Amino acid sequence: MTATEHSGRSRRVGPYITVGTVVVVLAAACLTLFGLGAFDRAVAVYDPTAWLFSKAKGELGRVNGNTARVDTRVKVKGTAGHRVEVTQTDRNLIVRDLDTGVVSSLDLATLQIAASLNTPPGQGIRIAMHGNSAYLLDEVHGQIRQVDPLTLKPIGSVVNFSPGMRGGDFDTDGKLWLALPSEGTVVSVTPAAETGKSPAVESQTVAEPSHDLNLSVLDKGVAVLDQTADQLVTVLGSQITKTPLSDADQGLLPPRTSGTDVPVTMPDRRQVDAVSHPSVSQYKVPGNGNSLSPAVAWAGWYYVADDAAGAVYVLNQSGTMVDQIQFPRGSGQLELQVRDDYLYINSVDGTTARVVNKAHKVSTVNKYPNDVPGGDPPPPPPVQPPPQKPQAGPPGAPRSVVASAGNATVHLTWGSAPSNGSAIQKYVVNGDGREFTAGAGQRALDITGLTNGKTYTFSVYAVNAKGEGPKRDSNPVVPTSEVPDPPASVTAHEQKDGTVSVSWAAGNGLGHKVANYQLTANGPDGPAQTWQVNGSKTSFTVPAGTLTYGTQYAFSVVTVNDIGAGSKASPLSGSVVPYTLPSTPTGVTAKSSTTAAGAVNVSWSASESNGRAITGYVVSYNGTTKTVDGSATSATLTGLTGGKAVSITVAATNAAGTSPKSKAVSAAAIGKPTITLGSPSVSYNTITIPFSVNAGGGTAKCTATATSSGLPDGKASGSCTSFKLTGVAPGGKYTVKVTVTNEVGSAVASNTATPTKVTGTVTCIKQPGDSYCNGGIGIYNHPAQVESNTIPPNAMNGKTYPAYCQTPGGTNTQEPGGGTTLHAGVYNNNKTSSVWIKISTSAVYIPYVWLNFGVSLDTLPSC
């Protein structure tokens with residue numbers, strides 16, 4: 001796979017490792033597994049597919065180009081939130097975690113890790129593959145090592161080139177292309193057909209020595225952008241073609257180019273120069289800013305990603321924008337790669353990708369489907385807004401311009417100049433009445449043709465799109481033939497505090513006193529900075545923060561004698577990767593949990609790892625701590641007291657230790673509510689119950705019920721202090737229950753209450769000669785006067801009964817013509833009513849016409 005990187009030098013975020021280290025650690029390669037384990041079926045590795053990495057999930061998704069769907073998801077343990085590069089062919093897949101240095105090969109038949117090895121973290125090494133050939137490329141030391149792509153075991157010996165090599169890729173003929181800026185050459189490496197044989201190496205000159213070179217591997221051959229000379233050089237077999245370009249010192253090339261035309265992207269001008277020698281077509285890219293990534297040629301068109309805008313602009317062969325592939329703003333890095341018959345566009349930090357076919361049809365890919373092996377992911381993380389860019393201006397002065405004299409030569413080195421918001425385009429060196437131009441990535445220059453015994457001083461200044469920066473002068477030097485010897489060896493060790501300790505063997509002044517040593521840190525882009533150390537010392541501590549954390553460096557030393565003559569550079573030290581404490585977590589927020597009692601949810605933005613992977617986050621609260629995994633950006637604190645605020649801080653941990661704590665935030669957990677009932681008060685048909693509630697820090701809601709078997713329920717009205725229940729039956733024994741709920745739970749309290757009793761007395765005024773009142777008044781098991789349902793013994797005149805509730809009577813079979821209205825006739829003052837009174841909690845009724853009681857009939861609720 002070739003992924004397009006989004007940096008000022010068009011360098012992929014790729015695997016970096018010291019080859020010398022690999023010789024040791026490859027022997028210790030160990031078998032580990034992904035979290036999913038092996039699948040029962042083999043994977044069809046020759047389908048048009050691409051494996052895309054998702055930073056937020058720490059997983060690989062296999063995208064089928066034909067269907068534009070992810071058909072398999074595989075977790076890569078410990079990589080969530082990390083920088084990871086995926087290198088793949090139809091047969092092999094290798095991933096490298098830049099934050100931890102772990103390199104792993106995946107067996108595509110089983111989706112298991114076949115081998116893993118630990119390497120130094122950070123940039124400086126790359127992996128290149130073609131078929132069954134794989135190489136580890138050490139750019140700092142200029143070394144390559146062939147390995148087995150499945151087992152990662154070394155094959156053959158280390159092949160050495162000059163330090164500061166620019167790693168490349170394979171073309172379709174199986175040639176690995178590399179650029180050697182210090183020599184102005186490119187080399188092709190053809191792996192040996194037999195194990196144990198040496199690879200075939202061919203070299204071709206494409207530029208002057210020490211020019212700033214950037215390369216893109218073609219289908220057959222290579223294109224090299226000479227940023228110092230503003231020209232594109234193509235190497236096709238023995239044919240070398242040079243095409244002049246205008247102000248290409250900031251030009252970007254994709255690591256891999258498909259087709260015959262080579263796109264050179266100029267981010268500052270938002271322009272793509274399409275080179276088809278000898279013609280150059282210039283296309284403008286819409287939008288603003290200089291965050292363009294190298295244009296990728298696909299099916300005759302050009303696809304240009306703009307991470308800041310979350311967009312990929314599509315230009316046709318006429319330079320017209322024919323499409324704009326949009327991602328949510330703030331989606332982060334967009335990676336473009338051409339595989340088989342498709343262009344894949346991956347939003348590394350986002351939830352989607354895109355697949356583009358040869359007809360330029362764009363299909364959206366959901367990277368997190370649940371209906372595939374490895375599915376059921378958590379919800380996607382919130383998208384962080386892009387950081388605001390500072391106001392751009394001219395660059396600052398280069399750091400530490402140091403000159404050392406040789407025999408009629410001067411070796412000049414300088415540290416990078418602050419870009420001040422606009423990328424460095426070039427460096428200009430003045431001295432000896434001459435002017436020299438160096439590429440933006442160049443940090444050293446050998447100046448020849450000088451006169452021994454003459455004093456020289458050189459100045460260096462940087463140039464960006466906003467203008468020229470201030471000059472910085474070198475120390476005066478006098479070329480001489482009496483040059484000392486360099487130190488025989490240099491060692492370097494990174495420290496937890498961000499410093500790097502460097503020591504070396506004493507140099508030989510060859511008859512002169514050693515005045516000083518010039519110590520140079522060499523990074524992936526060449527010399528990064530030079531320090532001058534007193535000749536009496538053979539060690540130096542590079543201050544913390546001087547070098548970029550997480551980037552690989554090797555050190556060289558030049559001996560300078562008391563007449564100002566400098567030796568050649570010493571052999572490079574082993575590689576180190578500076579690191580220090582992670583940055584303090586930002587964006588810390590805390591909220592009460594609404595799903596669990598006594599819990600608070602805390603979240604934060606991921607810290608900068610500063611050279612070593614973050615191993616955990618420490619959340620401190622209430623005098624205790626909770627540690628979560630380094631890939632997490634949230635935690636839930638439990639066991640807290642509801643309604644009581646706690647102060648919370650978060651700190652990040654890596655191999656250097658624990659960062660300073662974040663600014664404290666506070667939040668109160670919600671506890672389960674509690675309730676205390678007071679004594680109820682009653683009337684004939686109401687119950688009023690007071691109570692008090694502790695909402696546990698949440699929002700309380702209250703309900704109440706009054707129930708009694710066989711009698712009407714009460715109807716509640718009120719709030720979380722008191723409820724009045726109406727419609728209850730006088731004299732009924734009720735259970736009163738009050739329930740309080742909040743966001744995380746509920747509580748119930750109950751009591752009993754009996755409304756004021758109502759009784760009725762049977763009144764039958766006996767008429768002369770009539771015996772009806774002596775025994776003819778009955779009680780019944782339903783509200784209808786049917787003799788067969790009379791409950792013996794018949795009620796007697798003057799007997800008293802409780803009255804619970806009332807109901808309309810049923811058909812009266814005793815009255816002529818039937819009906820529901822009963823007539824007491826002359827026996828109870830001609831009382832007439834259809835109402836029946838329930839006199840028991842079970843089904844026992846008596847007609848109201850025979851009852852007299854001292855309250856209004858409306859006092860009784862309906863049965």
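Since we're looking at a predicted model, the values are computed, not measured.
Between the side chain of Asn601 and the backbone N or O of Thr636, no donor-acceptor pair lies under 3.5 Å. Gln806 places no side-chain N or O within 3.5 Å of a backbone atom of Thr859 that could act as its donor or acceptor partner. Judged purely by atom type and a 3.5 angstrom limit, Thr79 uses its side chain to pair as donor or acceptor with the backbone of Val76. One N or O on the side chain of Ser593 and one on the backbone of Ala596 form a donor-acceptor pair closer than 3.5 Å. In this structure, Tyr617 contributes its side chain and Ser607 its backbone to a donor-acceptor pair below 3.5 Å. Lys799 places no side-chain N or O within donor-acceptor distance of the main-chain N or O of Thr761, the cut-off being under 3.5 Å. When atom types are taken as modelled, the side chain of Asn654 and the backbone of Ser609 share a donor-acceptor pair closer than 3.5 angstrom. Remark: side-chain polar atoms of Asn346 are not paired, donor with acceptor, to backbone N or O of Leu52 under 3.5 angstrom. Between the Ser363 side chain and the Ala68 main chain, no donor and acceptor come within less than 3.5 Å of each other. Remark: the backbone N or O of Tyr734 is not paired with any side-chain donor or acceptor of Ser708 at under 3.5 angstrom.
The line from NZ of Lys733 to OG1 of Thr752 is 6.0 Å long, rounded to the nearest 0.5 Å. Considering CD1 of Ile689 and OG of Ser681, their distance stands at 9.0 Å, rounded to 0.5 Å. Here the OG-NZ distance, from Ser746 to Lys672, works out to 7.5 Å after rounding to the nearest 0.5 Å. For the atom pair CG (Leu725) and NZ (Lys715), the distance works out to 10.5 Å, reported to the nearest 0.5 Å. Separation of atoms CD1 (Ile839) and CD1 (Ile779) is listed at 4.5 Å; rounding is to 0.5 Å. To the nearest 0.5 Å, atoms CG (Asn622) and OG1 (Thr641) are separated by 7.5 Å.
Side-chain atoms of Asp629 and Ser631 include a donor-acceptor pair closer than 3.5 Å. A donor-acceptor contact under 3.5 angstrom links the side chains of Thr658 and Thr653, judged on distance only. A donor atom on one side chain and an acceptor atom on the other are found under 3.5 Å apart for Ser842 and Ser840. Using a 3.5 Å distance cut-off with no hydrogens or angles, the side chains of Thr707 and Asp713 do not pair a donor with an acceptor.
The heavy-atom pair separating Ala664 from Ser647 by the smallest distance is CB-OG, 3.5 Å. Taking every heavy atom of both residues into account, Gly310 and Gln326 meet most closely at O-NE2, 3.1 Å. The two residues Tyr804 and Pro861 make their nearest non-hydrogen contact at O-CD, 3.5 Å. Pairing each heavy atom of Asp99 with each of Arg83, the nearest pair is OD1-NE, 3.0 Å. The minimum heavy-atom distance between Gly61 and Val70, with the atom names listed, is CA-CG1, 4.2 Å. Here the shortest heavy-atom pairing between Ala700 and Ala695 reads CB-CB, 3.8 Å.
Salt-bridge formation is detected for the pair Asp371/Arg69: a Lys NZ or Arg NE/NH1/NH2 atom is positioned less than 4.0 Å from an Asp or Glu carboxylate oxygen.
Between Ser662 and Thr584, some side-chain heavy-atom pair lies under the 4.5 Å cut-off. Side chains of Ser659 and Pro585 form a contact here, defined as non-hydrogen atoms less than 4.5 Å apart. At a threshold of 4.5 Å between non-hydrogen side-chain atoms, the residues Thr589 and Val665 do not count as touching. Inter-residue side-chain proximity for Ile687 and Val736 is flagged as met; some heavy-atom pair is nearer than 4.5 Å. Looking only at side-chain heavy atoms (C-beta outward), Pro369 and Arg73 come within less than 4.5 Å of each other. You'll find the side chain of Ile675 stays beyond 4.5 Å of the side chain of Thr739, heavy atoms only. In this structure, the side chains of Leu637 and Lys626 come closer than 4.5 Å at one or more pairs of heavy atoms. Within the 4.5 Å cutoff, side-chain heavy atoms of Val600 are placed close to those of Leu640.
Applying the 6.0 Å contact sphere to NZ of Lys831 captures more than 12 heavy atoms from other residues, nucleotides or ligands.
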Can Thr754 and Val682 be said to form a side chain to side chain contact (heavy atoms under 4.5 Å, CB included), step by step?
CA-CA 7 Å; Thr754 302; Val682 298; over 6 Å; no
Kindly indicate, with the supporting measurements, whether the criterion side chain to side chain contact (heavy atoms under 4.5 Å, CB included) is fulfilled by Thr595 and Val744.
CA-CA 5 Å; Thr595 59; Val744 297; over 6 Å; no
Any chance you could lay out the side chain to side chain contact (heavy atoms under 4.5 Å, CB included) test for Thr688 and Ser722, step after step, and finish with the verdict?
CA-CA 7 Å; Thr688 301; Ser722 176; 3.8 Å; yes
Please lay out, stage by stage, how Val84 and Asp97 fare under the test side chain to side chain contact (heavy atoms under 4.5 Å, CB included).
CA-CA 5 Å; Val84 171; Asp97 186 334; 4.2 Å; yes
Step by step, would you call Lys367 with Ser54 a side chain to side chain donor-acceptor pair (under 3.5 Å)?
CA-CA 8 Å; Lys367 296 202 298 182; Ser54 294; 3.1 Å; yes
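Listed by chain and number, the residues in a ring-ring contact (aromatic ring centres under 6.0 Å, His included) with Phe853 are Tyr848 (sequence neighbours excluded).
Sorted by first and then second residue, the salt bridge (Lys or Arg N to Asp or Glu O under 4.0 Å) pairs involving residues 746-760 (not counting sequence neighbours) form an empty list. Residues in residues 651-706 take part in these ring-ring contact (aromatic ring centres under 6.0 Å, His included) pairs, two or more places apart or across chains: Phe691-Phe723.
Both the sub-6.0 Å distance and the 45° axial angle are satisfied by Arg354 relative to the ring of Phe327. Remark: Lys57 qualifies as a cation-pi partner of Tyr368 under the 6.0 Å distance and 45° angle criteria applied to the six-membered ring.
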